[in-house]
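Report on the following structure.
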Number of protein chains: 4
Amino acid sequence: MPRPAAWRLSPDAYPHRDAIQTRFQDLDVLGHLNNVAFAALFESGRTRFNHAAQLWGHGARGRRAVVAQMEINYLAEGRYPDDVEIATGIGEVGNRSWQILAAMFQGGQCLATCDVTIVMDKDEAGGGLPDEFKAGLAKWRLTAA
Amino acid sequence: MPRPAAWRLSPDAYPHRDAIQTRFQDLDVLGHLNNVAFAALFESGRTRFNHAAQLWGHGARGRRAVVAQMEINYLAEGRYPDDVEIATGIGEVGNRSWQILAAMFQGGQCLATCDVTIVMDKDEAGGGLPDEFKAGLAKWRLTAA
Amino acid sequence: MPRPAAWRLSPDAYPHRDAIQTRFQDLDVLGHLNNVAFAALFESGRTRFNHAAQLWGHGARGRRAVVAQMEINYLAEGRYPDDVEIATGIGEVGNRSWQILAAMFQGGQCLATCDVTIVMDKDEAGGGLPDEFKAGLAKWRLTAA
Amino acid sequence: MPRPAAWRLSPDAYPHRDAIQTRFQDLDVLGHLNNVAFAALFESGRTRFNHAAQLWGHGARGRRAVVAQMEINYLAEGRYPDDVEIATGIGEVGNRSWQILAAMFQGGQCLATCDVTIVMDKDEAGGGLPDEFKAGLAKWRLTAA
């Protein structure tokens, strides 16, 4: 089981950051943030990042994109009611897909990383990501990616 | 982004299977099962598998184990209120860790696979998985794993 | 705080019943089904009841209805991974609204009751519930309601 | 179906207020905050209120209290990713129970009210709420309650 690279564990590596509130619902029977709750927290961070990055104006309006893969590495336990900080940016970009890479922090500690691969439907001509959309993604690349 | 091997997409590869109900809560704004809901459904399948497999009696009582990694590959969209079938078994077993491999089916189609790595705390002598516990895991190995 | 009437605590009072699975996610830090999870379980029972009752064919197609009020009375603690049984029927019917009354059981014990009031938008002529829709509701009235 | 009193719809009536983040998970298929998500949001507001009010130091340490009743009145639809404001205070106080009254606001509009009744276990002598605990509750009464 390969673990996340060291550079992934610093908030400074990511161009976008958001404070996200935890909820009582996120706790499991042991009193920690549950591992499915991590997925929900990362989803919240990701949709907020998408909103902030405004990628969908860049030649991709009306195109459909779905989550194809999600990998979470759990590094430490989280607690309620403290906020977490979710740091996000763009990783590898392919012909029809791109990675959204994120990490979650609480009290200065990295709790987890999350790598999501998004795939966009082909356009009517069978094409992949529009150039303008790729240029938008490039602005949000992780510095060390 | 490597995709799941073909043999992972058949329920027959897995020694344990459970019908799991979907919930209205699992739907996203597009009317499909949300990708975080997949993680919750797989968690339900996994805890039911753990219950059925009764691994914790095998020399590991009182030991603590946590989810270290989760990877979900999304292959098709799911719907409500149809049940999903979650098929589960054991993958690789290491010195202190083991994989729980699962796949989700609906209407004969594989919607997703989920690979989770669990890590057990060392015992007082610094030891990893007890032999008896490993023997218990071996009974639930995937046939092609 | 008025408590539910005794007749509400018997599954026999309700015309529709469904077995609903609990999830690991439903547990709170004390190891019981969380009170928000009760609301999600009741919602699952309610949407399954709506599906079974097929009310929306009865002259109300295209009309919009929203939950206006929900009251849950918590009577006993629930556990995982046992199923709950949710029993459901129709209570009072007004000019534009109707009640869906439900109760949740586990191991023969009533865990909670849930009363929901649904309100339908007026039609173009300012009318309330269509007569045909009311007749559909009447078929699912609770016997003692 | 009695609706909430007018004074309940103003944040000024409540002694405690918190900004609570919404999540993508809170959305239903119509793109609004789901009614079960309202219950989770109110629970988050309530546990944060309990934390801020520090009631449990007031002679009640070790006593157990459970949610006995929850009533939510839904007044308007909510949206993501805007925050909601949850305003909270204490309503009626009985021998063994008390009400936590709350309202949720977004963009200056009241989306819902939530009335929860909490019941405390008797102490060893069969007693109800300790006097010191009641005094603590009194500090957080709604001004118009």
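Chain A is the first sequence line, chain B the second, and so forth, proteins listed ahead of strands; every chain is numbered from 1.
Between C:Y74 and D:M70, the closest heavy-atom pair is OH-CE, 3.3 Å.
Listed options C:V66, C:L30, C:N34 were ranked by heavy-atom pairs under 4.5 angstrom with chain D; first place goes to C:N34.
For D:E77, the part lying near chain C is the side chain, with the backbone staying farther off; criterion is any non-hydrogen pair under 4.5 Å. Neither the backbone nor the side chain of C:D115 has a heavy atom closer than 4.5 Å to any heavy atom of chain D.
Distance check, rounded to the nearest 0.5 Å: CG of D:N35 to CD of C:Q69 gives 12.5 Å.
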